[in-house]
Amino acid sequence: MIKAVLFDMDGVLIDSEPVYSQRKIDFFSQYGCHFTKERMNSFAGLDLDVIMQKLFPEKPGAELERIIDIYKQFSETYPFPYAEILNAGVKETLRALKQQHIKTAIVSTSPKKSINEMISTCNLETMFDLIVSGEDYPKSKPDPAVYNAARDVLGYKADEYLVIEDSDTGISAAKGSGLLVAAIRADKYGFLQDQADILIDTVDEVLDIIKKINKE
């Protein structure tokens with residue numbers, strides 16, 4: 001029986017990858033580095049330090065850290081239209097889960113500040129029982145630490161959770177924690193979703209999955 005649903009944020013609750021890609025393009029263009037949207041889309045689901053290593057493999061670690069710091073400062077001033085990119089069916093699905101007394105959580109690699117801004121901007125303050133941010137752990141997805149943390153706090157057995165993910169790193173993290181995973185199809189990003197237990201197209205399909213499992 002499913003007692004809790006754990007949602008990734010980027011690509012699941014919000015269609016954020018196009019915004020992230022454009023933000024990086026705008027940032028690097030200031031320094032004469034021009035990247036295509038297709039190139040940036042190929043980094044969807046990866047941590048910032050991994051992306052920088054892939055973009056600039058020749059640069060030493062200290063220089064990459066400096067670039068990352070400057071990029072983070074740039075990101076603070078970059079407008080992020082959370083309300084406009086909230087995925088269809090999210091609010092309705094969360095309300096329905098609450099009515100069924102099913103716990104909900106966000107388990108994301110994003111910083112707490114970004115997660116909280118999304119929740120506030122989209123008026124989702126009462127919708128989540130738990131927030132787990134990858135910034136609180138030495139290793140984030142695909143390491144299962146963030147999902148292990150959510151399991152520990154909510155206290156249910158592994159087979160009582162349903163995880164909603166999209167990226168292969170997120171799917172790997174959830175499976176590493178022994179959890180059932182429904183992955184939202186995201187073909188344009190080239191995610192490897194073969195580890196997922198279920199493939200879905202929209203968030204609201206979660207309700208049918210839970211209905212079926214909880215009747216068995």
Side-chain angles (χ1 to χ4, degrees), residues 1-16 45 82 86-112 114-116 118-120 122-137 139-186 191 193-216:
M1 184 172 184
I2 301 299
K3 296 182 178 179
V5 181
L6 312 180
F7 294 89
D8 178 38
M9 184 173 80
D10 296 303
V12 172
L13 297 176
I14 55 174
D15 185 21
S16 52
Y82 290 111
L86 184 70
N87 278 329
V90 167
K91 286 188 177 181
E92 295 80 1
T93 300
L94 291 170
R95 288 194 195 103
L97 292 172
K98 286 297 180 186
Q99 290 171 359
Q100 297 175 43
H101 306 290
I102 293 173
K103 298 288 186 180
T104 56
I106 294 178
V107 183
S108 173
T109 58
S110 293
K112 282 182 180 177
S114 297
I115 298 172
N116 289 333
M118 185 281 293
I119 290 173
S120 175
C122 296
N123 298 315
L124 301 176
E125 291 92 341
T126 63
M127 294 295 182
F128 297 102
D129 299 286
L130 177 67
I131 306 297
V132 179
S133 166
E135 73 176 359
D136 292 330
Y137 300 88
K139 293 182 179 180
S140 192
K141 302 174 186 179
D143 189 275
V146 287
Y147 282 110
N148 290 339
R151 282 183 55 186
D152 290 345
V153 172
L154 293 175
Y156 299 122
K157 295 184 294 185
D159 61 0
E160 295 176 324
Y161 293 92
L162 174 63
V163 173
I164 316 303
E165 273 283 358
D166 62 332
S167 70
D168 39 325
T169 56
I171 295 167
S172 294
K175 295 307 296 180
S177 191
L179 306 180
L180 180 71
V181 180
I184 295 181
R185 291 182 178 88
F191 293 144
Q193 299 181 316
D194 53 305
Q195 285 192 75
D197 300 285
I198 307 164
L199 290 177
I200 60 178
D201 292 302
T202 56
V203 169
D204 55 4
E205 292 179 52
V206 168
L207 300 174
D208 288 333
I209 294 170
I210 294 174
K211 183 177 180 181
K212 180 180 178 181
I213 291 174
N214 288 357
K215 277 188 174 180
E216 293 176 352

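FYI, side chains are in, hydrogens and waters are out, and symmetry mates aren't considered; it's all heavy atoms of this structure.
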Would a distance-only check, ignoring hydrogens and angles, find a side-chain to backbone donor-acceptor pair under 3.5 Å from [X] to [Y]?
{"X": "S120", "Y": "N116", "answer": "no"}
{"X": "D8", "Y": "S108", "answer": "no"}
{"X": "R151", "Y": "Y156", "answer": "no"}
{"X": "E160", "Y": "K157", "answer": "yes"}
{"X": "K91", "Y": "C122", "answer": "yes"}
{"X": "E165", "Y": "L6", "answer": "no"}
{"X": "S172", "Y": "P142", "answer": "no"}
{"X": "T104", "Y": "M127", "answer": "yes"}

*asked:* Does this structure show an ion pair linking K98 with D129, if we count only N-O contacts that are shorter than 4.0 Å?
replied: yes
_For K112, is there an ion pair with D136 - N to carboxylate O distance below 4.0 angstrom?_
yes
So, taking the atom named [atom1] in [X] and the one named [atom2] in [Y], what distance separates them when rounded to the nearest 0.5 Å?
{"X": "D166", "Y": "I184", "atom1": "CG", "atom2": "CD1", "value": "6.5 Å"}
{"X": "K103", "Y": "L154", "atom1": "NZ", "atom2": "CG", "value": "7.5 Å"}
{"X": "I131", "Y": "M9", "atom1": "CD1", "atom2": "CE", "value": "9.5 Å"}
{"X": "D143", "Y": "T109", "atom1": "CG", "atom2": "OG1", "value": "12.5 Å"}

[X] versus [Y], closest heavy-atom pair with distance:
{"X": "G178", "Y": "A158", "answer": "O-CB, 3.6 Å"}
{"X": "P144", "Y": "G176", "answer": "CB-C, 3.8 Å"}
{"X": "Y137", "Y": "A149", "answer": "OH-CB, 3.0 Å"}
{"X": "V146", "Y": "G134", "answer": "CG1-CA, 3.8 Å"}
{"X": "Y161", "Y": "A150", "answer": "OH-O, 4.0 Å"}
{"X": "S110", "Y": "D10", "answer": "OG-OD2, 2.7 Å"}

*Does a side chain donor of either D204 or T93 reach within less than 3.5 Å of an acceptor in the other side chain?*
no
_Regarding T202 and N87, do their side chains bring together a donor and an acceptor under 3.5 Å, going by distance alone?_
no
Do any side-chain atoms of residues 207-215 form donor-acceptor pairs under 3.5 angstrom with protein atoms, and if so which ones, sequence neighbours left out?
unit_1, atom_1, unit_2, atom_2, d
N214, OD1, I2, N, 2.7

Side chains of [X] and [Y]: does their closest heavy-atom pair fall under 4.5 Å?
{"X": "M118", "Y": "L124", "result": "yes"}
{"X": "I106", "Y": "V132", "result": "no"}
{"X": "Q195", "Y": "V181", "result": "no"}

*Could you walk me through whether S16 and Y82 pass side chain to side chain contact (heavy atoms under 4.5 Å, CB included), step by step?*
CA-CA 8 Å; S16 52; Y82 290 111; over 6 Å; no
*Name all residues meeting the side-chain hydrogen bond (donor to acceptor under 3.5 Å, both in side chains) criterion together with E135; count only those two or more places apart in sequence or in a different chain, and write none if there are none.*
none
*Let me see the working for L162 and I102 under side chain to side chain contact (heavy atoms under 4.5 Å, CB included), right down to the final yes or no.*
CA-CA 11 Å; L162 174 63; I102 293 173; over 6 Å; no
*So does K175 have more than 12 non-hydrogen atoms from other groups sitting under 6.0 Å from NZ?*
yes
_Step-by-step side chain to side chain contact (heavy atoms under 4.5 Å, CB included) determination, F191 to I171_ = CA-CA 10 Å; F191 293 144; I171 295 167; over 6 Å; no
*Worked verdict on V203 versus F7 for side chain to side chain contact (heavy atoms under 4.5 Å, CB included)*: CA-CA 10 Å; V203 169; F7 294 89; 4.0 Å; yes
